[in-house]
Amino acid sequence: MTVKEYNRSVEEYADALYRFIRADLKDGERANDIVQDSYEKLWHHVAEIEFSVVKSWLFTTAYHAMIDIIRKEKRLIPLEPDIEREMIWEPQYSDLNEILHQALERLPEQQRTSVLLRDYEGYSYKEISEITGQTEASVKINIYRARIALKNYIGKIETVI
């Protein structure tokens with residue numbers, strides 16, 4: 001696809017793509033983000049995609065992005081008002097660094113190492129697996145479990161700050 005054809009696809013399909021996503025999400029800003037991300041992905045693959053299939057490619061890409069957002073939102077469970085009130089706590093201690101270190105000390109060694117390498121040092125899962133000698137799946141599981149444990153220990157950030 002040429003640059004001219006790319007620009008033509010923006011002119012011809014962007015509004016329809018936006019309306020398609022906005023109809024399901026009912027949020028204009030997120031719909032704009034998805035359309036923009038879809039066109040960005042198209043730009044990265046502009047040499048590989050023919051103009052004749054660009055419309056279906058854009059709609060498929062945007063649809064999958066929308067589904068990902070919907071699935072993510074379904075995993076978030078809203079708290080009941082009574083439980084939210086119980087979780088509100090007046091901050092008494094605000095040394096977040098010390099609280100975080102206490103929480104990290106409670107983690108098993110593999111979880112602590114994995115989460116420190118990932119979140120503090122920025123290593124990829126593959127690099128962490130090479131460093132620790134674990135499989136990538138084990139690294140992902142350890143990081144997930146460590147984050148859950150840290151979240152449970154620290155609680156809501158508003159209570160700490």
Side-chain angles (χ1 to χ4, degrees), residues 1-89 96 100 103 111 114-132 134-161:
M1 176 172 25
T2 65
V3 174
K4 187 175 180 179
E5 289 174 327
Y6 177 86
N7 290 335
R8 185 172 150 206
S9 73
V10 173
E11 292 171 7
E12 290 183 15
Y13 307 127
D15 289 335
L17 190 60
Y18 171 80
R19 288 190 307 272
F20 170 68
I21 299 299
R22 182 153 185 343
D24 283 334
L25 286 182
K26 301 187 181 18
D27 183 349
E29 289 181 26
R30 287 191 302 174
N32 272 332
D33 290 341
I34 290 173
V35 170
Q36 185 174 4
D37 290 345
S38 298
Y39 274 101
E40 181 182 1
K41 289 176 185 175
L42 176 62
W43 183 253
H44 289 292
H45 298 286
V46 74
E48 305 159 11
I49 298 172
E50 295 293 325
F51 183 74
S52 60
V53 298
V54 75
K55 182 178 181 181
S56 63
W57 190 93
L58 282 167
F59 275 77
T60 302
T61 303
Y63 174 76
H64 288 295
M66 178 186 67
I67 293 299
D68 289 344
I69 288 173
I70 291 171
R71 286 181 181 155
K72 184 177 180 183
E73 287 176 352
K74 282 185 180 179
R75 286 183 279 182
L76 300 175
I77 300 169
L79 295 175
E80 295 178 17
D82 294 337
I83 295 172
E84 277 190 60
R85 270 189 243 112
E86 290 175 10
M87 292 182 73
I88 295 175
W89 176 69
L96 182 59
L100 185 56
Q111 289 180 7
S114 297
V115 81
L116 288 173
L117 287 172
R118 178 71 180 174
D119 295 336
Y120 280 82
E121 302 299 326
Y123 286 103
S124 69
Y125 295 119
K126 183 177 181 181
E127 291 170 327
I128 296 170
S129 71
E130 291 170 0
I131 292 170
T132 61
Q134 302 174 25
T135 64
E136 276 190 64
S138 296
V139 169
K140 290 177 183 178
I141 291 168
N142 283 331
I143 290 172
Y144 173 78
R145 289 178 180 165
R147 287 176 179 165
I148 295 295
L150 290 172
K151 181 180 173 186
N152 289 337
Y153 181 78
I154 294 173
K156 292 179 82 173
I157 195 69
E158 292 86 16
T159 62
V160 178
I161 296 177

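Positions are given from 1, in the same order as the sequence printed here. The structure presented is a predicted model; accordingly, all values stated were derived computationally and were not measured.
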Does atom OH of Y6 have more than 12 heavy-atom neighbours, drawn from other residues, nucleotides or ligands, at distances under 6.0 Å? yes

In terms of heavy-atom contacts, does CD of E136 have more than 12 from other residues, nucleotides or ligands at under 6.0 Å? yes

Of all the heavy-atom pairs spanning A103 and Y153, show the shortest one and how long it is. CB-CD2, 3.1 Å

Drop me the distance from T135's OG1 to K140's NZ, to the nearest 0.5 angstrom. 9.5 Å

Does K55 count as lying over the ring of Y13, i.e. NZ or CZ under 6.0 Å from the six-ring centre, within 45 degrees of the axis? no

Atom CG of D27 and atom CG of N32: how far apart are they, to the nearest 0.5 Å? 9.0 Å

Ignoring hydrogens, what is the shortest heavy-atom contact between I143 and V115? Give both atom names and the distance. CG1-N, 4.1 Å

Is it the case that more than 12 heavy atoms not belonging to Y125 sit under 6.0 Å from its OH atom? yes

Please determine whether the number of non-hydrogen atoms from other residues, nucleotides or ligands lying under 6.0 Å from atom CZ of R145 exceeds 12. no

For Y144, I'd like to know if atom OH has over 12 heavy atoms of other residues, nucleotides or ligands within 6.0 Å. no

Does N142 form a side chain to side chain contact (heavy atoms under 4.5 Å, CB included) with Q134? I'd like the steps, not just the answer. CA-CA 10 Å; N142 283 331; Q134 302 174 25; 2.8 Å; yes

Return all side-chain donor-acceptor pairs below 3.5 angstrom for residues 41-51, not counting sequence neighbours, or 'none' if the list is empty.
from, atom 1, to, atom 2, distance (Å)
H45, ND1, E48, OE1, 3.0

Minimal heavy-atom distance between W57 and S38, with the atoms involved, is CZ3-O, 3.7 Å

From T132 atom OG1 to E130 atom CD, the distance as rounded to the nearest 0.5 Å: 9.5 Å

Would you mind reporting whether V54 and E5 have side-chain heavy atoms less than 4.5 Å apart? no

I would like to know whether R147 and D119 meet side chain to side chain contact (heavy atoms under 4.5 Å, CB included); could you show each step before the answer? CA-CA 10 Å; R147 287 176 179 165; D119 295 336; 2.6 Å; yes

Separation between CG (D33) and CD1 (I69), nearest 0.5 Å, reads 7.5 Å

Evaluate the criterion side chain to side chain contact (heavy atoms under 4.5 Å, CB included) for residue pair Y63 and M66; output intermediate values, then yes/no. CA-CA 5 Å; Y63 174 76; M66 178 186 67; 3.6 Å; yes

Could you walk me through whether D68 and K72 pass the side chain to side chain contact (heavy atoms under 4.5 Å, CB included) test, one step at a time? CA-CA 6 Å; D68 289 344; K72 184 177 180 183; over 6 Å; no

Just by modelled atom types, is the Q111 backbone N or O under 3.5 Å from a matching donor or acceptor in the S114 side chain? no

So, taking the atom named OG1 in T2 and the one named CG in N7, what distance separates them when rounded to the nearest 0.5 Å? 8.5 Å

